[in-house]
Trainee: 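Before I ask anything, let me first share the structure, which is written out below as structure tokens.
We name chains A, B, ... by the order of the sequence lines, and we start the count at 1 in each one.
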2 protein chains.
Amino acid sequence: MRFSVDGEYLDRPSFRVEGDSIVLLDQRRLPSETVLLELSDLDGFVEAIRTLAVRGAPAIGAFGGCALSICYSNGVDTAYERLKCSRPTAVDLVNCLDEVKTAFDGDGVDGARKRAMEIVERTISACKRIGEVGAELIFDKARVMTHCNAGALATLDWGTALAPIRIAYRDGRDPFVWVSETRPLLQGSRLTAWELVQEGIQHKVVVDSASGYLMRKGEVDLVIVGADRVCRNGDFANKIGTYGKAVMAHELGIPFYVAFPETTFDRGCACGDGIPIEERGEEEVVEFAESRISPSGSRGFNPAFDVTPGEYVTGYITERGILDRDDLMKKTT
Amino acid sequence: MRFSVDGEYLDRPSFRVEGDSIVLLDQRRLPSETVLLELSDLDGFVEAIRTLAVRGAPAIGAFGGCALSICYSNGVDTAYERLKCSRPTAVDLVNCLDEVKTAFDGDGVDGARKRAMEIVERTISACKRIGEVGAELIFDKARVMTHCNAGALATLDWGTALAPIRIAYRDGRDPFVWVSETRPLLQGSRLTAWELVQEGIQHKVVVDSASGYLMRKGEVDLVIVGADRVCRNGDFANKIGTYGKAVMAHELGIPFYVAFPETTFDRGCACGDGIPIEERGEEEVVEFAESRISPSGSRGFNPAFDVTPGEYVTGYITERGILDRDDLMKKTT
């Protein structure tokens, strides 16, 4: 895929490795500004993950792996622990860090660098495959609701939830996307909309609260979201608000799909109760663009994810096919 | 109730009539600025309703009635139609305009003015009674979720959804309120939080998408919302996002109440399908404080209300008591 950034094209919009640096598109500033950051030290890598300059479970997994391999090259031995703690919910980060660490322990710096690049390529091909597998769900004129950004920016290319929509569009179908804005950080309104504009895919942005209205009015044919961690029983964590959409879709008989690559599956996690949920700063809720929204005497609370029970999921769109809950343990290994 | 505004106190925070003018607290600018507007002509009255300087179904009903009576004094004969069309969903506006028009047709300008002031006093006492009736639901330390602003600002005093919380607090119980911020115009984060700070009632502001997370975690004992129009079968319209909260509460067995005075009941409306839903400008979604959030190539869609079926409602808190669906037709007449 090619994204236009100030007249240049980025083939992989979230980040790329250049020698001992990572060049990334700063997602905090999209879409009003398109700024490329070049990072080469551990503090910069951790800060980029923590503040969502790079975000999305598959993207921070691959980014973390690449960052760790660069830190190994530079002899920084605290990198694994610090990167691992930068954000808690997306299991991709831990999975990819573990892979690179194991390669380093076995084959040193070169092994770690090689493994990091393998993760990058594997993530891209997994997402493309997710798109191909999921595209069968996207009939002509299908109206798809998504939440947050599970696109190329959140992975490395193609996306997870957006990949089937992209492939269907390239196959000549004409999908329409309801973009749920995704408060507090507006990844839907800022990032998913930006990706869809780049590709010319029809869409409209709505407040998160409009989901139920649209579903009940018959304006949504299916819902597809990404995931930050999928458990053995099919429960999964994703951006706050996903659970509510799943409950409403279930109540109204609207198919609800979760799209994710293998790195997002947590074999060690039996059910959603075991997923750590990140709580971010309350200022993300009670302020906007550093201006106060709420009165100064009010506090906010800001859980960044919620857990959706597997019972609300129609299917899991993975690089191995569209799975049901029973398949999940058997086939995602 | 007394609200502090720049060191002065307003006994009735939304508006008051002074001669042939209405003085109102501009809710578009709260909580960062507390500005009183003095309006005396039809254009100003219509604009205040349309742009949400005054808002909340009972408040715009009473405001519309007062505005119409002033226009009758001034011999403006287009006032009824123009005020009626200023916002479509809240039935209070039509109900109160009809009352004042009938009084004018029978008893002239004096009759209209008298009837408008009766509506004001009746609304205040209805809301106080709603608070007394509903307070029995608010046990000590009850954690109540609400949506939008159904407080004193949205009525004339006391509020609808906030009235039971206020009365319980004054009775010595210590409720906690989850304030759903209410995108796009943030009436929860700006207005409900402002009212709760003024009274010292504990609360936290959350994004609308956090409702399901909090309910599923057992952090919500009950939900109370206001209404813009209640139908004979118990279906009701309220701020966009209310429907989703009702579905989730139902799914999780959490009591869900709707608080409203008689002027919000629409005897002529058999079910929710008959309620006109206001669609507001897309700029409210894709911009914030006149800055663009979404890319310029993206469109927004902005339904301001949704309809919640009566089957999700545990009880209707009215000045006649807490009613169930069967009672609604019999007792709200």
Trainee: Select, from G241(A), A289(A), G188(A), the one with the greatest count of heavy-atom pairs under 4.5 Å involving chain B.
Mentor: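 Looking at each of G241(A), A289(A), G188(A) in turn, G241(A) comes out on top.
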Trainee: Just so I understand: if I count every heavy-atom pair under 4.5 Å between each of L214(A), V247(A), I293(A), V206(A) and chain B, which residue has the most?
Mentor: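 Looking at each option in turn, the highest pair count goes to I293(A).
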Trainee: Which answer fits L186(A), side chain, backbone, both or neither, if we ask what part of it has an atom under 4.5 Å from a heavy atom of chain B?
Mentor: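 Contact with chain B involves the side chain of L186(A) alone.
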Trainee: Against chain B, label L30(A) side chain, backbone, both or neither, depending on which of its atoms sit under 4.5 Å from a heavy atom there.
Mentor: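 Neither part.
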Trainee: In terms of heavy-atom proximity below 4.5 Å to chain B, should L191(A) be classed as side chain, backbone, both, or neither?
Mentor: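 Neither part, no heavy atoms under 4.5 Å.
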Trainee: Answer with side chain, backbone, both or neither: which region of P303(A) has an atom nearer than 4.5 Å to a non-hydrogen atom of chain B?
Mentor: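 Only the side chain of P303(A) comes within 4.5 Å of chain B.
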Trainee: Compile the donor-acceptor pairs, distance criterion under 3.5 Å only, formed between chain B and chain A.
Mentor:
from    : atom 1 : to      : atom 2 : distance (Å)
E181(B) : OE1    : R183(A) : NE     : 3.4
E181(B) : OE1    : R183(A) : NH2    : 2.6
E181(B) : OE2    : R183(A) : NE     : 2.7
R183(B) : NE     : E181(A) : OE1    : 3.4
R183(B) : NE     : E181(A) : OE2    : 2.7
R183(B) : NH2    : E181(A) : OE1    : 2.6
S189(B) : O      : S294(A) : OG     : 3.4
S189(B) : OG     : S294(A) : OG     : 2.7
H203(B) : NE2    : S298(A) : OG     : 2.7
V205(B) : N      : R299(A) : O      : 2.8
V205(B) : O      : F301(A) : N      : 3.0
S209(B) : O      : G241(A) : N      : 3.4
G241(B) : N      : S209(A) : O      : 3.4
E251(B) : OE2    : Y312(A) : OH     : 2.4
S294(B) : OG     : S189(A) : O      : 3.4
S294(B) : OG     : S189(A) : OG     : 2.7
S298(B) : OG     : H203(A) : NE2    : 2.8
R299(B) : O      : V205(A) : N      : 2.8
F301(B) : N      : V205(A) : O      : 3.0
Y312(B) : OH     : E251(A) : OE2    : 2.5

Trainee: Restricting to ring pair (Phe, Tyr, Trp, His ring centres under 6.0 Å), what partner residues turn up for F256(A), sequence neighbours left out?
Mentor: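 For F256(A), no residue satisfies ring pair (Phe, Tyr, Trp, His ring centres under 6.0 Å) once neighbours in sequence are set aside.
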Trainee: Check each atom of I201(B) against the heavy atoms of chain A and say whether the ones under 4.5 Å are side chain, backbone, both or neither.
Mentor: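 Neither part; nothing is under 4.5 Å.
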Trainee: Between P31(B) and P295(A), what is the shortest heavy-atom contact and its length?
Mentor: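 Minimum heavy-atom contact is CG-N, 3.7 Å.
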Trainee: Please look at V197(A) and chain B and tell me whether the side chain, the backbone, both or neither of the residue comes under 4.5 angstrom of a heavy atom of that chain.
Mentor: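 Contact with chain B involves the side chain of V197(A) alone.
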Trainee: Which atoms of V307(B) are under 4.5 Å from chain A, going by heavy atoms: the side chain, the backbone, both sets, or neither?
Mentor: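 When you check distances to chain A, atoms from both the backbone and side chain of V307(B) fall under 4.5 Å.
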